[in-house]
Structures are given as C-alpha cells and as structure tokens.
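Reading through the structure tokens given below for one structure.
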Amino acid sequence: AVLGTIQHEKARKSLESLKKLSAPVAQVLRDGKSQEIPAAKVVPGDIVLLDAGSLVAADGRLLECYNLQVNESSLTGESLPVEKRAGVEDVAGIPLGDQYNMVFAGSLVTGGRGVFVVTATGMDTEMGRIALLLKNTEERKTPLQVSLDQFGRKLSIIILVICAVLFAVSVLWRHENAMNAFLFAV
C-alpha cells in the first residue's frame, strides 16, 4: 500500500508538470508591451503575436504577416500548411480553408510571423463550434451493433426458456427441492 501510494503521487506530480508544459500560451500586446499569458485568458480585441511553432490561441483576423504558414489540418483536413496574408476581406460564406486573412484556434504556425486581432474565443471559435456539434450529435448504432443487439435479445430469451424447462424438469420429474432445482437450472 505504501509503495502504491508513493508511485501514485509520483505519477500525479509528473502529470501536473506535463500539463504545465503543454498548456497553450499566447504572446499578447497589452499596454504597449508584449507579454505571455495563458491562452484561456485571451479576450476578443487582444492583439496576438505569432511565430513559427506557436499554437493559435483564438480565432482572429490577420493585421500583419511575413511568410506566415499555418497548419489547419485539425479544422479543414488539409495536410499541407496554408499560406496566410493580411488584409480585410469579407469571409461570410467562404469555406474555412479559403479564408486566407483569418487564423483559427488550435492551428499550428509552421513558418513565418504574424500579428492578429482576436475575433472569437472559447466556444465561439470554429473549433468550439465543432466541439458543440459533436456534443449535440446523437450516436447512431451501426448495422452490426443493431444485429448484435437483436441476437443478444433472442439468445437471452432462449437461455431463460431453457432455464425454466430445466427448473420444471428438476422439480416435477426428479422431485428435487426448489433451491437445488434453481441452482441446477442456472
């Protein structure tokens, strides 16, 4: 028990340190100064700086970019990085993969640098919308699962009938007491 407790504590501390290392952060311009803050504290209107290797903390419109390439595969399924450019373009009705002036939460900057203004955070981001859709989607059973469920029901009924027959045979013809007949049937 002592060894188990010690191992459990070591594992817990290791997990906590890994969570701290993997917690996404954002380089934000606030009060004219660049500061690193947890991604969860980024709010709409913040100006965020992007460098190669950084994770985009929120959805936003690019203000400046220098050879900025972003991997948006988690949103679009596109395996290659997308070249981004700054500018104001109407993105209404345009697919995510074609919105070259926008960056999206959960994307990885693979090259270049950029500056963007945050337009959406949390569940208002494109990634948040996908999470909401997944949460609200009903899980449908596959045809195999339906067939297995039907087979299981039929098998259960057959087993119960066999148990009842064995119980009746043991009590009526073999004249055993009910408890022994029940145990035999089970």
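All heavy atoms count here, side chains included; hydrogens, waters and symmetry mates do not.
M102 places none of its side-chain heavy atoms less than 4.5 Å from the side chain of E72. Using a 4.5 Å heavy-atom threshold, the side chains of Y100 and V82 count as touching. Side-chain atoms of V109 and L68, non-hydrogen and from C-beta on, do get closer than 4.5 Å to each other. Under the 4.5 Å side-chain criterion, counting only non-hydrogen atoms from C-beta, V165 is not in contact with I162. L49 places a side-chain heavy atom less than 4.5 Å from the side chain of L29.
When the shell of 6.0 Å around CZ of R12 is examined, it contains more than 12 heavy atoms from other residues, nucleotides or ligands. In the displayed structure, N180 atom CG is contacted under 6.0 Å by more than 12 heavy atoms of other residues, nucleotides or ligands. Other residues, nucleotides and ligands contribute over 12 non-hydrogen atoms within 6.0 Å of the CG atom of L133.
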#### Entry: Candidate pair Q27 and S34, rule side chain to side chain donor-acceptor pair (under 3.5 Å), full reasoning
CA-CA 6 Å; Q27 195 72 28; S34 174; 2.6 Å; yes
### Task
Quick one: do F116 and V56 satisfy side chain to side chain contact (heavy atoms under 4.5 Å, CB included)? Show the steps, please.
CA-CA 10 Å; F116 74 95; V56 180; 4.0 Å; yes
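Distance alone, capped at 3.5 Å, places no donor-acceptor pair between the N101 side chain and the L62 backbone. N71 places a side-chain N or O within donor-acceptor distance of the main-chain N or O of S73, the cut-off being under 3.5 Å. At least one donor-acceptor pair closer than 3.5 Å links the side chain of K84 to the backbone N or O of Q99.
T110 contributes atom OG1, which lies 10.0 Å from atom CG of L80 (distance to the nearest 0.5 angstrom). The OG atom of S54 sits 12.0 Å away from the CZ atom of R113 when rounded to the nearest 0.5 Å.
Taken together through direct or relayed side-chain contacts under 4.5 Å among Ile, Leu, Val, Met, Phe, Trp and Tyr, M179 and F167 form parts of separate hydrophobic clusters.
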